[in-house]
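To keep things clear, I will list the structure first and then write my remarks on it.
The structure presented is a predicted model; accordingly, all values stated were derived computationally and were not measured. Order of listing sets the numbers, starting from 1, for every ligand and every atom in it.
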Amino acid sequence: MSQSQSQSDLNHSESYPEGRRGFMAHVLAAAIGGFVGLVPFASGLAFFLDPLIRKRKGGSGDGFVKLPITVEALEINGEPQLVKIIMDKVDAWNTYRNQPVGAVYLRRVASDKVIVFNQRCPHLGCAVDYKPAEKNYFCPCHTSAFGLDGVKQNDIPPRGLDELEVSIRNNTEVWVKFQNFRATTPDKIPVA
Ligand code: FES
């Protein structure tokens, strides 16, 4: 300890009636008080930042959800299969586990390739049906129609069905990056 620092501590401790030991006790109390005050502050900060952190993480890992169907269960070039999407829903402060958030049509077009369309009609968002007799998708709300490849067959919808990203994992699992898109526009614009 330098001479000037010792002199400074001596000056501080002299202003305490209990002397040097009293001065050190006050310094220690101030340090503990500061730390104790920091804990609730940090907790409060984490609480307020939590939705922002979760939003950055994307809420569900890489954004893909595993479907309850395997590749083998889909016939190559067979009829599309409708599957509900069950995911965790996250709003500003809450997480709701295992909620139905939409549905998709799956169709296997090769031994290792599955195409997936969001069931929502890009016209105004109704649920699209599949018509086996016509081999096309049909929307009962305003008669939009789409081919098996998702391309629109009349002028009612602004675009074709919204194809989703697919990932085949472990040679058999079907994972989909579920996403809704804005209706009424010719472009696929993701919505939250
Ligand atoms: S919502 Fe599908 S045709 Fe209008």
Does H142 bring an N, O or S atom to within less than 2.8 Å of atom 4 (Fe) of ligand 1? yes

Is the distance between the ring centroids of Y130 and Y137 less than 6.0 Å? yes

Please state which protein non-hydrogen atom is closest to atom 3 (S) of ligand 1 and give its distance, to 0.1 Å? S144 OG, 3.1 Å

Quick one: look up the protein heavy atom nearest atom 1 (S) of ligand 1 and list residue, atom name and how far away it is. L124 N, 3.2 Å

Does any non-hydrogen side-chain atom of [Y] lie less than 4.5 Å from one of [X]?
{"X": "V109", "Y": "N77", "value": "yes"}
{"X": "T143", "Y": "I156", "value": "yes"}
{"X": "D91", "Y": "K89", "value": "no"}

Give the numbers and elements of all ligand 1 atoms closer than 4.0 Å to a heavy atom of [X].
{"X": "C126", "value": "1 (S)"}
{"X": "C139", "value": "1 (S), 2 (Fe), 3 (S)"}
{"X": "H123", "value": "1 (S), 2 (Fe), 3 (S), 4 (Fe)"}

Mark yes or no: K152 above the aromatic ring of F146, with NZ or CZ under 6.0 Å from the six-membered ring centre and no more than 45 degrees from the axis. no

